[in-house]
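One structure is given below, encoded as structure tokens.
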Amino acid sequence: MMACQNWPEPVIRVQALAESGLTTIPERFIKPKSQRPTVYSHASNQPNYSHTTREDINIPIIDMKHLYGMEERRREEELYRVAAACQEWGFFQVVNHGVSHELMKSAREVWREFFHQPIELKEEYANTPLTYEGYGSRLGVKKGAILDWSDYFFLHYMPCSLRDQNKWPNLPTSLRNVIAEYGEEVVKLGGRVLEILSENLGLRKDFLMNAFGGEKDIGACLRVNFYPKCPQPDLTMGLSSHSDPGGMTILLPDENVSGLQVRRGDDWITVKPTPNAFIINIGDQIQVLSNAVYKSIEHRVIVNSDKDRVSLAFFYNPRSDIPIEPAKELVTEDRPALYPSKTFDEYRLYIRTKGPSGKAQVESLISKCDSS
């Protein structure tokens, strides 16, 4: 199927809408009632949290210094906590991760500056559905679709053959250098996390990295999300509910404004970012490789009526043409392979053209595997 080269209708820049002073949002952004933000007093279907208010619940925080420290008992405890987070939440935060706090701060600041450049300068980087690379405001090409309340900038980082610095903004002037340094450090962090996940699965430390294609051939891209303040945040979403189709996501959240929500049973838990932490979540490809030991969990983003919000999502993916299937070491008679072999390219085509949306996209492969 040929990719659409142009958007099916004029693109609406959400930031421009927000800054126009409107008091009600256009109908195109109003979600069906079942998809709007909801408020729960507690995670009612989780026995361990049945008497805990939602404000007291957060995704696990992992201190990576214990994973590389000399004290074996602390290391084993932290490994266990990572494994539990991957199985029960699909999300965790990491501190003492080795990435400079100043670099994290600079990355947020230069992108915030970019989104506050004049609109005509940003439009020079306007994207198309061909690659999505550049300045954008929608993710789908369906005409008349209900839109999310966000703008973004998407760019490729790895493999190096896809990296085109001419498509990286040159305003502010430091942005390109910051992107290059930030990308290099986050790729290293991703490699360290893959080793930890492999070890916890009882596999060789390099298993997941090799399954992804090796250090030089992984796929990595950055989407910087800008969520403008919204006069009716109860009617829309900054990013609709979904699971990430790739390997894993390393998110640098806004340090001042919460917005990410993670599904926990029937409830949605608003993540409270820890200072100087990255939020890491399991994607569909690692769920497949782990034969569903690790879970790719549905998540979404709410918006704020008073404040803008910026976050940097770094997607760490397998090379696009390598078949991804459950690790043979994790397949037994009692637990057969749950998923058929598919390359990442084949999987993305499947979810674009045939598969359901949201978390159901990876789960739908189970029945296809069973029936084959």
Side-chain angles (χ1 to χ4, degrees), residues 15 18-19 58-68 91-118 121-122 125 134-135 150-158 163 165 167-193 220-229 238-239 248-262 270-281 299 301-304 306-316:
Q15 185 179 3
E19 293 174 353
N58 202 12
I59 62 175
I61 300 170
I62 304 301
D63 191 335
M64 291 188 70
K65 73 180 180 186
H66 297 315
L67 295 168
Y68 296 98
F91 275 79
F92 54 94
Q93 301 188 62
V94 291
V95 296
N96 294 315
H97 40 65
V99 180
S100 158
H101 296 170
E102 284 302 312
L103 180 58
M104 297 166 72
K105 181 179 178 182
S106 295
R108 273 188 298 243
E109 287 179 351
V110 294
W111 280 109
R112 192 179 293 277
E113 284 184 52
F114 169 79
F115 280 103
H116 286 291
Q117 297 291 324
L121 294 179
K122 291 182 289 190
Y125 300 95
Y135 174 53
S150 59
D151 296 328
Y152 64 88
F153 200 102
F154 180 84
L155 54 87
H156 293 289
Y157 190 79
M158 289 188 73
R163 195 183 304 175
Q165 293 201 6
K167 294 183 178 180
W168 298 8
N170 57 11
L171 284 173
T173 55
S174 62
L175 195 147
R176 289 184 180 179
N177 287 336
V178 171
I179 291 173
E181 184 180 358
Y182 180 81
E184 182 179 351
E185 292 303 310
V186 176
V187 165
K188 290 178 185 175
L189 172 60
R192 293 194 293 271
V193 173
C221 47
L222 174 69
R223 190 177 73 217
V224 184
N225 305 298
F226 184 81
Y227 302 102
K229 58 185 178 181
L239 193 58
M248 89 182 150
T249 304
I250 304 172
L251 178 75
L252 179 61
D254 194 296
E255 71 273 42
N256 297 315
V257 186
S258 296
L260 174 65
Q261 290 190 326
V262 175
T270 302
V271 174
K272 294 173 279 296
T274 297
N276 301 314
F278 285 101
I279 297 170
I280 296 179
N281 68 277
H299 51 285
V301 176
I302 57 175
V303 289
N304 192 288
D306 301 317
K307 297 177 181 178
D308 297 335
R309 181 172 174 271
V310 173
S311 68
L312 282 66
F314 197 89
F315 301 110
Y316 198 103

Within-4.5 Å side-chain heavy-atom neighbours: [X] and [Y]:
X	Y	result
W111	L222	yes
L67	R192	no
Y135	F115	yes
I59	Q93	yes
V224	F114	no
F278	M104	yes
L251	I280	no
S150	N225	no

To check you understand the geometry: which heavy-atom pair defines the closest contact between [X] and [Y], and what is its length?
X	Y	value
V110	S174	CG1-OG, 3.5 Å
A18	K229	CB-O, 3.4 Å
A107	L312	CB-CD2, 3.8 Å
S258	K272	OG-CA, 4.3 Å
A277	P253	O-CD, 3.7 Å
R309	G259	NE-N, 3.5 Å

Report the residues that fulfil salt bridge (Lys or Arg N to Asp or Glu O under 4.0 Å) with [X], sequence neighbours left out, ordered by chain and then residue number.
X	value
E184	K188
R112	D254
R108	E255

If I take atom [atom1] from residue [X] and atom [atom2] from residue [Y], how far apart are they, to the nearest 0.5 angstrom?
X	Y	atom1	atom2	value
R223	L239	CZ	CG	5.5 Å
Y125	K167	OH	NZ	12.5 Å
Y316	Y157	OH	OH	11.5 Å
I279	T249	CD1	OG1	11.0 Å
Q165	I179	CD	CD1	8.0 Å
N256	D308	CG	CG	11.5 Å

Qualifying residues under side chain to side chain contact (heavy atoms under 4.5 Å, CB included), relative to N177, sequence neighbours excluded: none
Under the ring pair (Phe, Tyr, Trp, His ring centres under 6.0 Å) test, which residues partner F91, sequence neighbours left out? H299
Scan the side chains in residues 94-101 for donor-acceptor partners under 3.5 Å anywhere in the protein, sequence neighbours excluded, and list what turns up.
residue	atom	partner	partner atom	Å
N96	ND2	D63	OD1	2.8
N96	ND2	D63	OD2	3.3
H97	ND1	V99	N	3.1
H97	NE2	N276	O	2.8
S100	OG	E102	N	3.1
S100	OG	L103	N	3.1
H101	ND1	N276	ND2	3.4

Do H66 and Y68 have ring centroids that are under 6.0 Å from one another? no
Between Y227 and N304, does the side chain to side chain contact (heavy atoms under 4.5 Å, CB included) criterion hold? Intermediate values first, please. CA-CA 8 Å; Y227 302 102; N304 192 288; over 6 Å; no
Residues E19, H116; criterion side chain to side chain contact (heavy atoms under 4.5 Å, CB included); working and verdict: CA-CA 11 Å; E19 293 174 353; H116 286 291; 4.2 Å; yes
Do any N or O atoms from the side chain of R163 and from the backbone of M158 form a donor-acceptor pair under 3.5 angstrom? no
I would like to know whether V193 and L189 meet side chain to side chain contact (heavy atoms under 4.5 Å, CB included); could you show each step before the answer? CA-CA 6 Å; V193 173; L189 172 60; 4.1 Å; yes
How far apart are the C-alpha atoms of L252 and F314, what are their side-chain angles, what is the distance that settles it, and do they pass the side chain to side chain contact (heavy atoms under 4.5 Å, CB included) test? CA-CA 8 Å; L252 179 61; F314 197 89; over 6 Å; no
